[in-house]
Chemist: 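The following block contains the structure, expressed as structure tokens.
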Amino acid sequence: MLRTHHAGTLRAGHAGQTVTLAGWVARRRDHGGVAFLDLRDASGVSQVVVRDESVAHELRSEYCLKITGQVEKRPEGNENPALPTGDIEVIAGSVEILSTADPLPFQIDDASTAAPVGEEVRLRHRYLDLRRDGPAAAIRLRSEANRVAREELLADGFVEVETPTMTRSTPEGARDFVVPARLRPGSWYALPQSPQLFKQLLMVAGIERYFQIARCYRDEDFRADRQPEFTQLDIEMSFVEQDDVIELSERVVAALWKLIDVDVRTPMPRLTYREAFDRYGTDKPDLRFGLPITELTDHFADTSFRVFQAPYVGGVVYPRGASQTRKELDGWQDWAKARGAKGLAYVLVGEDGELSGPVAKNLSESERAALPDLVGADPGDAIFFAAGSRKPSQSLLGAARLEIGQRTGLIDEDAWSFVWIVDAPMFEAVADTDDVAVGTGAWTAVHHAFTAPKPEWLDSFDADPANALAYAYDLVCNGNEIGGGSIRIHRRDVQQRVFDVMGLSPEQAQEKFGFLLDAFKYGAPPHGGIAFGWDRIVALLAGTESIRDVIAFPKTGGGFDPLTGAPAPITAQQRKEAGVDVIPGEDESS
RNA sequence: GGUCCUGUGGAGCAGUGAGGAGUGCUCGCCGCCCUGUCAAGGCGGAGGUCGCGGGUUCAAGUCCCGUCAGGACCGCCA
């Protein structure tokens with residue numbers, strides 16, 4: 001080893017020892033005659049005292065040094081209580097420059113810069129960014145999360161299995177990334193959107209308890225919490241029911257949050273999908289604050305106000321919202337229109353209890369009188385309304401609820417709220433979505449085509465697909481969906497009935513999922529599982545907004561890696577070898 | 001595919017409303033001084049296609065059009 005000690009570990013007890021340290025110059029304070037270096041390695045920093053000015057003079061920020069010297073207690077009064085190593089310093093005997101450093105594109109020591117450095121320049125020099133305390137801690141926390149999950153699962157008899165990252169394109173939800181196959185020009189591998197099909201095959205294989213920290217790939221447009229490649233903690237178990245998967249999941253989550261000294265209370269509360277939409281207008285409600293939505297359809301059943309003559313009317317309270325300016329209230333209209341709504345009707349509750357605003361005069365005396373109590377509004381509050389089809393209206397109110405919670409500071413940023421969303425519908429009408437439908441039927445799977453119906457719907461789901469409930473569960477933390485899974489179909493007859501609802505013929509099913517259906521012919525065990533959004537979970541643990549902060553080398557919005565410059569053109573020779581430009585013949589399936 | 005925000009020495013900002021010489025701030029960088037600092041200090045200095053292209057104008061960082069890049073959101077993401 002080049003060193004005998006780690007810089008951040010030296011204490012008063014080391015005084016008198018001769019040590020060798022290796023690390024980077026975090027900061028240099030040259031007094032001419034005596035110079036102080038903060039030498040940083042992964043463990044922290046120690047102050048090094050260089051008394052030879054000719055040695056100290058040429059040293060610069062982020063030079064990589066090897067220093068041998070004696071640990072001494074700092075002179076009386078010169079201790080730095082802000083540093084763990086603040087009681088000692090290392091009097092440099094020899095200073096060897098292992099590596100010099102050019103002037104930096106940005107400062108590593110962010111304590112000295114008032115404002116944060118821009119993300120683009122940080123990502124272009126991510127290897128420097130990761131020398132900083134915050135980013136370094138996030139990557140190390142991720143490693144700890146991986147360790148904790150592995151320990152919890154391995155101790156419970158789980159087997160870690162790696163599945164292919166070059167596989168067959170299967171019709172799942174998202175667009176596939178594809179890889180040309182040199183040996184079969186015109187044919188392509190796909191990168192997996194998840195290990196879903198493989199983990200089910202592993203259940204057929206008798207693994208019984210599988211997990212993997214799995215990389216997944218989806219070629220979709222970006223959002224703050226999306227990357228083209230992302231990570232799931234993927235779990236699948238045989239001979240289990242919903243409660244078994246949930247119980248295991250809660251143990252894993254509790255172990256993870258212990259990393260940040262949070263005791264997660266289990267069992268976690270559950271909401272049905274229906275309740276979540278009725279009360280919070282979303283399937284991933286943030287329960288760190290209240291402000292539930294109130295359905296007002298019955299209240300306005302006989303209204304003369306055209307806008308409220310709708311299949312659904314609901315409202316949400318904006319505490320103290322009546323004092324908003326006209327401009328702010330108009331801003332909400334733009335906000336709603338940006339979400340595809342016509343607008344956001346509102347009523348202001350005066351301090352005297354009188355209702356005002358453009359909508360109020362359209363309401364009857366009785367409609368006005370009961371309204372504040374019905375929605376839980378006090379004098380000085382505002383009430384926002386959405387009217388129209390049930391789900392879009394609830395979604396709008398749910399988004400408004402969240403926006404109100406954020407604007408009014410109702411959200412306790414230190415709180416952790418976990419909730420399971422259960423009993424999601426199995427199907428949704430194709431007309432309600434623009435999904436690339438797997439089949440040609442009027443219905444498409446909400447979760448995926450292998451999700452089992454709840455036991456009580458086993459006989460009737462195909463007779464009443466609009467109301468059939470799936471044996472599926474999503475885990476939501478502070479308004480983020482951090483995990484989701486289901487009990488799978490293991491019976492061929494049930495699977496075919498699901499395909500029938502989706503308009504998928506046996507022949508079509510065989511073509512698309514044949515390898516899975518074939519496997520299910522050979523004694524498939526009942527099984528189910530869950531996948532956790534690992535990047536989001538670690539981001540929550542790290543207390544950062546963006547999952548980019550917990551990915552070592554993330555990509556920016558266009559799928560571009562500012563560090564390597566990927567994606568980049570390839571040479572003509574590479575194109576030729578890869579067979580990218582081969583046009584499939586008529587006898588080849590594309 | 002759509003909407004909004006941002007782009008000014010190496011970093012972070014101000015300057016754009018209401019056009020008038022690349023003006024300013026904090027940090028960094030370079031040189032000199034300095035023997036107890038720890039965001040060291042003092043003095044001096046260098047460093048700019050104002051993202052890019054076009055237009056309006058006597059004159060554009062500033063106004064208009066287009067475009068590129070980054071961020072956020074809608075669509076999309078079983």
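Chain letters run A, B, ... following the sequence lines, proteins first and then strands; every chain starts at 1.
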Chemist: Between C27(B) and G41(B), how far is it from one C1' atom to the other, in whole Å?
Modeler: 16 Å

Chemist: Answer yes or no: is there a donor N or O on one side and an acceptor on the other, between the side chain of Thr165(A) and the main chain of Leu191(A), under 3.5 Å?
Modeler: no

Chemist: Between His5(A) and His14(A) (judged by ring centroids, cut-off 6.0 Å), do the two rings come close enough to count as a pair?
Modeler: yes

Chemist: Mapping Ser546(A) and Pro75(A) onto RNA chain B by nearest heavy atom, which one lands closer to the 5' end?
Modeler: Pro75(A)

Chemist: Just N and O in the side chain of Arg548(A): are any of them under 4.0 Å from OP1 or OP2 of A72(B)?
Modeler: yes

Chemist: Given the P atoms of C52(B) and U8(B), what is the spacing between them in whole Å?
Modeler: 10 Å

Chemist: In Å, rounded to the nearest 0.5 Å, how long is the span from CG of Leu410(A) to OH of Tyr318(A)?
Modeler: 9.5 Å

Chemist: Report yes if the distance between the aromatic ring centroids of Tyr63(A) and Trp24(A) is under 6.0 Å, otherwise no.
Modeler: no

Chemist: Say we look at U6(B) and C43(B): how far apart would their P atoms be, to the nearest angstrom?
Modeler: 37 Å

Chemist: Tell me whether His31(A) and G36(B) count as stacked here, given that the ring centres must be under 5.5 Å apart and the planes must differ by less than 30 degrees.
Modeler: no

Chemist: Could Arg548(A) and Glu119(A) be called an ion pair, given the rule that one side-chain N must be under 4.0 Å from one carboxylate O?
Modeler: yes

Chemist: Say you pick atom C1' in C76(B) and the same atom in U62(B); how far apart are they, in whole Å?
Modeler: 38 Å

Chemist: Provide the distance between the two C1' atoms, one in C64(B) and one in U16(B), to the nearest whole Å.
Modeler: 14 Å

Chemist: Among the nucleotides C32(B), G36(B), G28(B), which one has an atom lying closest to any side-chain atom of Arg27(A)?
Modeler: G28(B)

Chemist: Could you measure between the two C1' atoms, the one in C32(B) and the one in A46(B), and give it in whole Å?
Modeler: 15 Å

Chemist: Is any side-chain N or O of Glu53(A) under 3.5 Å from a base N or O of U35(B), one able to act as donor and the other as acceptor?
Modeler: no

Chemist: Any residue in residues 210-227 of chain A with a heavy atom nearer than 4.0 angstrom to RNA chain B? Just list them by number, or reply none.
Modeler: Arg218(A), Glu220(A), Asp221(A), Arg223(A), Ala224(A), Arg226(A)

Chemist: Rounding to the closest angstrom, what is the interatomic distance between G22(B) and G48(B) at atom P?
Modeler: 15 Å

Chemist: Is the backbone N or O of Leu197(A) less than 3.5 Å from a side-chain atom of Gln200(A), with the two atoms forming a donor-acceptor pair by type?
Modeler: no

Chemist: Is a donor-acceptor pair below 3.5 Å formed from side chain Glu545(A) to base G71(B), judging by atom type as modelled?
Modeler: no

Chemist: From the set G28(B), G71(B), A11(B), return the single nucleotide nearest to any side-chain atom of Val117(A).
Modeler: A11(B)

Chemist: Between C25(B) and G9(B), how far is it from one C1' atom to the other, in whole Å?
Modeler: 14 Å

Chemist: Would you state whether a donor and an acceptor, one from the side chain of Arg29(A) and one from the base of C34(B), lie under 3.5 Å apart?
Modeler: no

Chemist: Ring centroids only, cut at 6.0 angstrom: are Phe230(A) and Tyr217(A) within range, meaning strictly under it?
Modeler: no

Chemist: Could you pick out which residue, Leu104(A) or Gly77(A), lies toward the 5' side of RNA chain B when each is mapped onto its nearest nucleotide?
Modeler: Leu104(A)

